[in-house]
Amino acid sequence: MSSDLNPLNELAQRFTRASVEIEGVYKHVLQAESRGNVLRSRPGCGSFFVFTLRGHAELFSGDAVFNLHPETVLHASQEKSLGIRTGPMDYEYCLVYYTYRDKRRMPPASPDTLIRIDTGVSSRLVDLLRKLHHVSGTPGPFSAFRAKELFYSILYEMFDGLRTKTNRENKSIMEQAIQFIHDRYREPLTLSELANLHGMRARDFSRLFLQYAGVRPTDFLVQRRMKRAEELLATSGWSVGEVARSVGYADTALFVKLFKQHTGFSPDAFMAASAERRTS
């Protein structure tokens with residue numbers, strides 16, 4: 001497995017590579033304003049999910065704190081005790097324990113990995129969990145088969161909710177980025193600065209921008225500048241150097257080169273053609 005995959009991608013890949021056995025499904029309700037070590041994995045199970053059905057709580061693992069609510073799921077990859085503190089309302093949650101059938105095919109998980117999955121609100125996910133809890137208490141092979149079917153449906157709903165939420169957030173980020181470039185194109189913007197504004201790595205920001213806008217952010221910036229330069233060259237009466245500085249280029253020679261690449265004309269030729277159209 002590639003070392004540059006984040007823990008969530010690693011988890012998704014694990015479920016595509018090996019079948020699982022459901023070891024137990026339990027629902028609990030904790031009273032409001034309570035605290036204690038109440039989440040404990042069962043010996044031998046290894047991994048489990050924490051699904052919040054209603055209410056809010058804080059989960060503690062060492063120095064890390066995780067906020068639990070119906071829009072988030074927590075996954076733990078080791079046998080451990082986790083502290084929890086509930087909010088002003090009772091907190092209901094569901095624990096789903098599982099193991100991989102063929103552990104020899106699976107690379108070892110990071111022993112301290114806790115993964116929070118932001119799924120968004122999903123009434124279907126809650127319904128599937130309640131059905132899984134009900135069927136898991138019924139003996140027999142058909143119930144075991146139904147439990148596994150429900151478990152994979154829960155995984156799909158969980159990852160699909162994450163994808164939908166992420167796409168919605170990414171769309172908002174890209175719309176903000178486009179508006180920022182549109183408004184601030186005169187400034188000496190760089191790819192790193194644009195990415196940092198949205199808390200992203202430059203490579204990830206550029207890839208996401210390309211997916212959304214069809215061009216890379218640096219190309220979009222140049223296009224915005226060239227569009228404004230055309231307007232100024234055609235109507236302002238300014239010199240080429242003044243237009244260049246007005247759209248963010250201190251280097252007039254660079255501006256002339258880029259303008260010709262994008263329009264097929266030099267700025268002087270574009271101005272002359274614009275003046276001829278106005279007088280004809």
Side-chain angles (χ1 to χ4, degrees), residues 1-3 5-30 37-54 57 59 61 64 66 68 70-84 91-120 122-163:
M1 191 173 298
S2 175
S3 60
L5 292 175
N6 64 40
L8 186 57
N9 287 339
E10 289 186 6
L11 178 63
Q13 284 203 4
R14 283 173 172 271
F15 288 119
T16 67
R17 294 180 59 182
S19 179
V20 300
E21 293 289 345
I22 311 303
E23 298 292 341
V25 181
Y26 304 94
K27 283 200 307 180
H28 302 279
V29 178
L30 301 178
N37 289 333
V38 295
L39 297 181
R40 188 180 298 276
S41 65
R42 299 169 65 225
C45 288
S47 299
F48 61 97
F49 285 101
V50 183
F51 295 92
T52 299
L53 301 179
R54 59 183 173 91
L59 184 140
S61 175
F66 298 86
L68 302 178
E71 296 186 31
T72 63
V73 177
L74 193 74
H75 179 270
S77 297
Q78 67 170 357
E79 299 177 9
K80 65 193 308 180
S81 178
L82 303 173
I84 189 170
Y91 176 70
E92 182 181 10
Y93 63 98
C94 182
L95 298 178
V96 180
Y97 301 101
Y98 71 92
T99 55
Y100 296 105
R101 292 189 62 183
D102 188 359
K103 295 182 179 179
R104 293 172 299 178
R105 296 182 57 193
M106 306 306 299
S110 174
D112 297 320
T113 298
L114 283 171
I115 304 173
R116 191 187 73 177
I117 306 167
D118 296 317
T119 61
S122 174
S123 58
R124 173 167 165 75
L125 182 59
V126 173
D127 182 59
L128 289 169
L129 284 164
R130 296 191 187 280
K131 289 179 179 178
L132 177 61
H133 177 255
H134 174 75
V135 77
S136 66
T138 305
F142 179 80
S143 295
F145 176 81
R146 175 61 173 154
K148 184 172 292 188
E149 177 194 12
L150 286 167
F151 179 75
Y152 281 106
S153 295
I154 288 168
L155 291 179
Y156 175 81
E157 189 70 20
M158 183 177 67
F159 286 114
D160 186 61
L162 172 64
R163 179 185 58 82

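- For the pair Tyr26 and Phe48, the minimum side-chain heavy-atom distance is 4.5 Å or more.
- Although no hydrogens or angles enter the test, the distance criterion places a donor-acceptor pair under 3.5 Å between the side chain of Lys148 and the main chain of Val20.
- Residues Leu155 and Met158 are in side-chain contact: their nearest non-hydrogen atoms beyond the backbone lie under 4.5 Å apart.
- For the atom pair Lys27 NZ and Phe51 CZ, the distance stands at 13.5 Å (nearest 0.5 Å).
- No option in Thr52, Leu125, Val126, Leu53 other than Thr52 meets the side chain to side chain contact (heavy atoms under 4.5 Å, CB included) test with Pro70.
- When side chains are defined from C-beta on, Leu150 does not count as touching Ile22, because their heavy atoms never get closer than 4.5 Å.
- The closest side-chain heavy-atom distance from Tyr93 to Leu68 is not below 4.5 Å.
- Here the straight-line distance linking atom CG of Leu162 with atom CG of Asp118 works out to 7.0 Å at 0.5 Å rounding.
- Here the side chains of Phe49 and Ile154 are not in contact, with every heavy-atom distance at 4.5 Å or above.
- Nearest heavy atom pair, residue Gln13 against residue Thr16, reads O-OG1, 2.7 Å.
- Here the straight-line distance linking atom CG of Leu128 with atom OG of Ser122 works out to 7.5 Å at 0.5 Å rounding.
- One N or O on the side chain of Ser153 and one on the backbone of Glu149 form a donor-acceptor pair closer than 3.5 Å.
- Judged by distance alone, the side chain of Thr119 and the main-chain N or O of Glu71 form a donor-acceptor pair under 3.5 Å.
- Between Tyr100 and Tyr98, the angle of the ring planes goes over 60°, which puts this pair in the perpendicular group of the 30/60° scheme.
- With salt bridges taken as basic N to acidic carboxylate O contacts below 4.0 Å, none links Arg124 and Asp127.
- With contacts defined as side-chain heavy-atom distances shorter than 4.5 Å, the pair Val29/Arg54 qualifies.
- Counting non-hydrogen atoms of other residues, nucleotides and ligands closer than 6.0 Å to OH of Tyr152 gives a total above 12.
- In terms of heavy-atom proximity, Thr138 sits nearest to His134 at OG1-O, 3.6 Å.
- Expressed to the nearest 0.5 Å, how far CG of Leu95 lies from NE2 of His28 amounts to 5.0 Å.
- Scanning all heavy atoms of the two residues, the minimum distance from Val25 to Cys94 falls at CG1-SG, 3.7 Å.
- With a 4.5 Å cut-off on side-chain heavy atoms, Tyr91 and Ile84 count as touching.
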